[in-house]
Amino acid sequence: MVRRMNELNTFLFNILLFSLFFNVGISLYGIFARPSLIKKIIALTIFSDTANVLAIIVGYRGWPSPEQPPIPPVITSTEPTSEDLIRFINRAVDPLPQALVLTAIVIGLAVTLFLIFLTLQVYRLYGTTDVRRVARLRG
Amino acid sequence: MIELSTLTYLFMAMTGVVSLVATYLAILESNLIKAVVLSAIQSTTYVILFYLLMAPDIALVYIPVSVGLYPAAVLFLIKKTERTENDSNEVVASED
Amino acid sequence: MRFVGKVLGVFFLVFIIYVVFSGSVSAYDLITGVLVALATSVITANLVISNPSKLIQVWRLGWLLIYSIRYFFVDEVRAHLDVMRRILHPKMPINPGIVKVPYEVVSDYAMLTIANSITNTPGTVVVDVFPEEKAFYVHWINAVATESAEARKHVSEVFERFAKRIFD
Amino acid sequence: MYYLSIGVLVPSLLGLAFVLPLLGMIIKNIRFFHAYASITSLYALIVAAYNFNIVVREGPKAYPFGGWWPPIGISYEIDEINSLIALLTASVMFLITLYSAWYIRSLKDAPYYYTLLLGLEVGMLGCIYTGDAFNLFVMLEVMSISAYALVGFHRNKPEAIEAAIKYGLFGAVATTIYFIALVFIYASFGTLNMADLTNKVTLFWGHNLVSGLYYGQIYAATAVALALSLWAFTFKSAIFPNHFWLPDAHPEAPTPVSAALSGLVVNVGVYAIFRFFYTIFNPFSLMSDLRDMILLVTLILGLASGLIGAFMMVVQDDIKRLLAYSTISHIGLVLIGLSIGSSLISRPDSQAFVDGLTGAFYHLINHSIGKSLLFLASGVIIYMAGGTRKLDELGGVARKNPVLGIVLITGVLQLLGIPPFGGFFSKYLLYVSYLEAGAPYISVIINIISAVSLLGYVRLLYSVFFIIPKREFVRTSRLPLAVLLVLSVACLITGLLSPIISYWLRGFVEATTSKDGILNYWVQGYLVFWGG
Amino acid sequence: MVEELINEILMAAGTLMIVVGAIADLTGSIGLLRFPNFFVRLHAATVGTIWGAFVPLIGAALFAAGYVELGTHRWFVTGGAAVTALLILLLGPVGSHALARASYRSKAAIPYPLIHDALKEKFREGGKE
Amino acid sequence: MNSELYLSVVFWVIPIYLTAFALYSVRAVKGPTIPDSVLAIDSMSYDLAAFITILSILFHSPILIAVAMVLALWVFALDIYVAKYLESREMGE
Amino acid sequence: MRIKKLLVLGSLILLVLTFSLAFARGALGYYPLPLPRVRMLASWYLYTTLNPQYTNFTAMSPVAVAAIVWDYRGLDTLFETAVFFLAVVGALTLMRGVTLKSVLNNANNKDNNYGLSLISKTAARLLTPLIIAVSASIALHGHLTHGGGFQGGSAAAVAPLLVLVIFSVYFLLSRGISEKPMFMLWTAGLLGIYLTTLAAVFIGLLTGLNAYVFQNQPKFDAPVGLPAQISGTLISGSLFFLNIFEYLAVAGEFTLVFILLSMPEEVVKSFISGETYE
């Protein structure tokens with residue numbers, strides 16, 4: 001029974017993982033193959049977001065028991081005792097990937113905002129955001 | 001008897017599949033505003049994932065960035081530029 | 001003086017929201033709450049409140065309380081059950097129409113209250129508003145009356161009566 | 001003893017950049033900004049030299065930020081190679097900043113320009129100094145975003161904007177791919193600190209007090225991570241399949257920026273490849289077979305980009321574009337030198353190994369100096385010729401200005417590899433190392449690359465020198481010429497002092513890549529803090 | 001003792017509201033799928049927003065206030081849920097209205113068939129659009 | 001204390017919510033018009049806010065709640081952007 | 001075309017399901033669920049993030065993520081801020097010379113002509129202080145619960161953004177929210193962040209004690225530290241200050257970016273055309 005449950009859980013979790021892998025593939029296709037710069041930017045955001053979710057999954061931990069979910073890495077008391085800390089360590093998820101993703105999200109946002117300004121400038125100069133037409137106009 | 005853990009994993013799987021559908025349609029959609037809206041669906045699914053993966057801190061950053069700021073900036077951009085992606089390989093999808 | 005009144009009004013609004021959202025009343029929360037509320041209220045006072053003297057008339061709050069009880073336990077329940085019946089009914093009986101619903105209140109907040117009350121009851125949604133004409137245009141799922149005075153009786157009369165007492 | 005100068009250099013430069021836009025709103029006198037930027041980069045140069053001095057005297061040193069010992073916190077770790085590259089970067093950037101004062105004179109937007117230039121320097125120095133793999137990602141982004149913005153600085157030029165968006169879009173993909181590689185590394189090794197990774201891969205001690213040992217299937221994960229990070233690094237240094245952005249981006253940038261991008265920014269990718277495949281995944285590591293395969297790939301990529309760069313140079317008719325293709329070719333050469341460490345080519349402590357790496361770094365230095373010189377000179381030439389970049393229209397500029405002519409010849413000879421200049425000795429070392437390693441055909445290809453690129457340089461020299469000038473040229477001021485003279489003297493010095501320099505470099509390479517050196521990197525970067 | 005009774009009542013009320021919310025939510029989503037055009041779907045969305053989100057949020061606030069095992073941070077849940085509920089009460093209708101108005105004016109969504117359209121007459125008189 | 005009973009009742013609410021989310025996302029993906037998709041995202045996010053609150057009670061992690069509010073706030077902003085996009089000549093006007 | 005799209009989508013989903021089933025049944029090596037334990041480094045972070053017993057080895061913040069972001073790995077965050085700074089400077093570079101005053105002068109400045117309906121406008125008026133209150137709460141509790149400077153700042157930026165969209169950019173400008181004050185706010189925030197990261201070094205230089213860049217709490221070999229508590233209330237040293245400054249910087253930054261993005265196109269074009277470069 002426990003094993004079947006575990007297998008079901010694994011199946012469900014794998015669906016998530018493979019959906020994300022496919023998302024990576026689709027968004028890379030969008031970046032490299034779609035002609036519109038705006039579409040490329042949308043695909044770029046999806047790509048970096050998917051990378052971030054993958055990083056968070058690395059930091060996730062399995063459930064200690066079916067009723068006991070892992071907890072976010074925040075201590076809920078301001079004066080924790082040793083037992084509190086031990087309980088916390090045994091249930092909290094990995095905080096480091098979350099911190100890395102925090103950094104990565106902000107960086108991705110910065111780059112995307114700058115690319116949006118650049119795309120606007122491309123449109124001002126070329127009158128189009130289609131890279132094929134931009135390449136043709138450039139000669 | 002179904003358990004909380006299985007339900008959580010089921011929720012993760014559902015959001016994963018929905019994000020796949022939304023991503024696929026967003027990339028292939030030639031109407032750029034629809035693409036933005038579809039990528040907003042994808043962002044919402046990722047918010048759920050961040051929440052379920054016990055990373056509310058990330059969710060708090062990610063919601064403003066992906067639901068609020070990206071669509072706003074891209075919509076500002078589309079308003080100033082072009083509404084559709086002129087993809088000659090594809091017929092522009094008609095609205096029904 | 002008027003400005004001080006506005007600031008005080010916004011100050012209490014912001015302070016209450018801050019403390020409720022923080023979920024605790026420790027000294028840290030209170031001190032930072034006062035600071036934040038002060039800064040916010042000075043910046044946004046002119047934007048938010050136009051007539052601070054209404055704030056000290058306490059009976060308005062009483063009307064607000066009565067109104068919300070009546071709204072959530074009578075109007076909402078009736079409207080919800082009606083629309084849920086229409087959704088789940090196999091034939092889906094809908095009869096939509098856009099009707100004109102005039103209003104008489106003066107202040108913007110009263111207008112907002114009426115509009116939100118109309119939209120928040122399922123079955124009616126404010127599609128457009130013309131302040132110079134003083135009329136909402138409401139999309140009504142079961143347009144039993146197309147004439148504006150009749151429609152007003154069905155859609156917004158109760159809300160308007162209360163909104164006038166609360167805000168005007 | 002922790003030297004504050006190691007830790008404080010990059011953050012303090014960043015702080016100086018933070019105030020610059022605000023100062024730009026207050027102060028309208030453009031001279032102030034020239035002075036500000038020059039003093040700032042001089043400060044960077046002095047501190048970088050001081051840090052280099054520390055390393056030469058006392059060996060590798062690390063600085064833990066926040067007092068958190070690695071791998072809990074981030075640390076900067078400098079050894080001989082990276083402090084040398086940092087010194088090179090800081091000195092060339094100083095000259096470029098001086099030159100910018102001449103270049104930017106007519107534009108009103110000096111504060112933004114200098115902010116971005118300072119950001120570029122911060123990014124490069126941070127990439128070079130850092131001892132943490134994730135911090136490398138952040139610093140790469142700092143460097144790249146300033147580079148994108150600087151490429152698009154001439155906002156009304158369609159080509160510049162197009163190049164900037166191409167560079168920016170695919171650069172963002174490359175750095176995200178590096179982020180995915182880091183996720184794999186963290187997932188399998190449980191740490192991001194380079195010294196700690198080195199230990200885990202090499203098993204100096206193995207199980208770490210703080211970060212444990214391995215998690216899961218490390219072999220497959222490492223293979224994926226290395227492949228992905230190689231992709232990112234080759235993008236940043238414009239190696240063959242990812243070189244497509246460079247010939248557009250480098251010429252369209254403002255000239256001093258072109259010099260910085262071509263001379264220095266591409267070095268960062270090469271340096272990262274060195275750090276990953278010689279220190280972390282070193283020849284003595286558990287996964288050396290993976291590393292051998294990847295270095296073989298880099299060898300092929302290096303050969304390809306060397307040849308492609310050289311051939312494409314010949315057919316260009318735009319002076320800056322020609323120089324940009326020459327960058328691809330030279331970085332290919334450096335990568336060929338770096339690829340010698342594959343144990344399929346040479347043994348880790350053999351003569352060929354040391355010669356190849358020495359040649360690679362020597363060539364890196366020569367190329368940085370020579371290429372910055374040529375780009376800066378091209379800026380003066382274009383100015384004198386009235387804004388045209390076409391080779392056919394330059395028509396003997398150098399005849400009007402002999403100083404410029406001498407400088408130009410120096411730079412070309414440096415890159416071409418003619419004896420009294422440094423380029424010869426570095427190319428010779430590369431050539432010899434592959435002969436020693438028993439792969440003479442690669443030596444032959446190195447020669448072919450040089451020979452083909454000769455044609456390109458000759459075209460450049462011909463159009464600048466051997467055409468009799470038929471029209472009037474604008475006169476230029478002294479400042480850019482002084483900068484160019486300094487750089488050409490540097491070219492001469494790298495050649496004349498080549499025995500000393502190659503001796504030193506050889507020492508550095510041996511100290512960095514030998515087993516003791518790697519052990520020392522780990523000891524300084526991790527063990528010292530834990531009192532081991 | 002009294003405190004326990006109050007907690008019990010709070011939790012019971014909260015549970016009831018949450019269950020009502022879930023049912024309304026499901027109904028709203030079915031309506032959103034079944035209804036023929038955007039303007040009619042707005043009504044189903046209102047069901048999903050007010051009873052589907054506002055009511056269960058208030059319910060969760062009550063539940064958390066009575067649920068002692070959450071520890072001292074339960075007031076955090078109560079406060080957060082209450083503020084969220086208030087915001088939804090304010091934001092939901094405004095968002096629906098803005099969307100409806102924009103899609104009517106820009107003809108992004110066609111509201112027909114309608115038995116009566118006062119707005120069209122208004123625009124025809126005013127000569128707008 | 002009957003907290004166990006109430007919790008088990010609340011627990012069985014989850015499948016209902018999941019079904020509702022599936023239906024919402026069908027509408028959101030299907031369209032057919034842009035306002036339809038936005039409306040579906042809108043309702044879904046508000047319900048998600050409620051659901052997140054319920055889950056944070058079930059998970060016994062009160063801190064997870066802050067997400068709900070921010071989600072509601074920003075999805076409203078999405079509505080407004082799309083409305084403005086459809087209505088106006090330029091986004092800033 | 002639509003049929004083809006749906007077919008591809010269906011096969012993609014089927015592929016995902018097949019792969020997951022195969023891996024769950026152990027077809028290509030068992031791919032397990034995440035293990036119920038974390039990496040060792042993570043448990044170090046979790047153990048030392050708030051540990052009153054080890055006063056020399058703790059970040060004094062209950063939130064491990066915020067502690068990592070601002071204390072353990074503060075360097076990353078400083079340079080992440082730098083990336084954002086440089087991106088905005090790059091955007092300003094592209095828009096250089098375009099001033100807001102010129103935009104105001106070129107427009108026929110009547111609020112009523114612009115923006116959404118009166119209902120939305122009234123709601124936005126009410127919403128603005130609420131958003132600022134909530135975002136300030138998120139930022140100021142960044143060291144105690146989830147949230148922090150960036151989260152709060154980006155939530156606070158909704159307020160001007162909503163006003164910009166619901167009213168118009170001219171309304172925003174007439175209320176004094178223009179380029180320059182946002183610029184000041186932004187730079188003030190950045191400088192605050194920068195000075196906070198170096199605060200311990202300054203204290204160390206003044207007192208002659210050893211101190212590290214980015215130091216927050218005292219360490220074994222560096223007894224300098226920023227105050228972790230003020231009269232019993234936890235403020236976690238530099239985390240508190242950094243959150244405040246990041247809040248200001250981010251709010252200013254986003255407002256600046258969106259004001260730049262919302263400038264009318266004709267005005268910008270008239271500024272940009274006619275530049276020449278060498």
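In what follows, chains are A, B, ... by sequence order, proteins preceding strands, each numbered from 1. Any value given below was found using the heavy atoms of this structure, including those in side chains, with hydrogens, waters and symmetry copies removed.
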Side chain from CB out, backbone as N, CA, C, O: work out which of these in A:V58 comes under 4.5 Å of a heavy atom of chain G, or both, or neither.
both

What are the two closest non-hydrogen atoms of G:A157 and G:F254, and how far apart are they?
CB-CB, 3.5 Å

Relative to chain G, which segment of A:L113 carries a heavy atom at a distance below 4.5 Å: side chain, backbone, both, or neither?
side chain

Residue part contacting chain G, namely of A:L115, when any heavy atom lies under 4.5 Å:
neither

A:F18 and G:F23: aromatic ring centres closer than 6.0 Å?
yes

Using heavy-atom distances under 4.5 Å, tell me whether A:T76 contacts chain G through its side chain, its backbone, both, or neither.
neither

Could you check whether any side-chain N or O of G:T58 sits under 3.5 Å from a backbone N or O of G:N51, counting only pairs where one atom can act as donor and the other as acceptor?
yes

Which atoms of A:I15 are under 4.5 Å from chain G, going by heavy atoms: the side chain, the backbone, both sets, or neither?
both

Centres of the G:W186 and G:F183 rings: under 6.0 Å?
yes

Determine, step by step, whether G:S135 and G:Y247 satisfy the side chain to side chain donor-acceptor pair (under 3.5 Å) criterion, reporting the C-alpha distance in whole Å, the side-chain angles of both residues, the deciding distance to 0.1 Å, and the verdict.
CA-CA 9 Å; G:S135 68; G:Y247 176 77; 3.0 Å; yes

Considering non-hydrogen atoms only, spot the tightest contact between A:T129 and A:Y123 and give its length.
CG2-CD1, 3.9 Å

Check G:G237 against G:L226 and note the closest heavy-atom contact, atom names and distance.
CA-CB, 4.0 Å

Checked A:Y60, A:F88, A:F11, A:W63 vs chain G; the most non-hydrogen pairs under 4.5 Å come from A:F11

Report which part of A:I57 has an atom under 4.5 Å of a heavy atom belonging to chain G: side chain, backbone, both, or neither.
neither

Under 4.5 Å to a heavy atom of chain G? For A:L16 that would be neither

Who among G:L50, G:L12, G:L234, G:L41 has the most heavy-atom pairs with chain A under 4.5 Å?
G:L50

Candidate pair G:F245 and G:Y194, rule ring pair (Phe, Tyr, Trp, His ring centres under 6.0 Å), full reasoning
CA-CA 9 Å; G:F245 291 127; G:Y194 178 66; over 10 Å; no

Ranked by heavy-atom pairs below 4.5 Å to chain G, first place among A:V111, A:L120, A:L109 goes to A:L109

Using non-hydrogen atoms and a 4.5 Å limit, figure out which bit of A:I116 sits close to chain G: side chain, backbone, both or neither.
side chain

Cut-off 4.5 Å, heavy atoms of chain G, and the answer for A:L125 is neither

Under 4.5 Å from any heavy atom of chain G - which part of A:F22
side chain

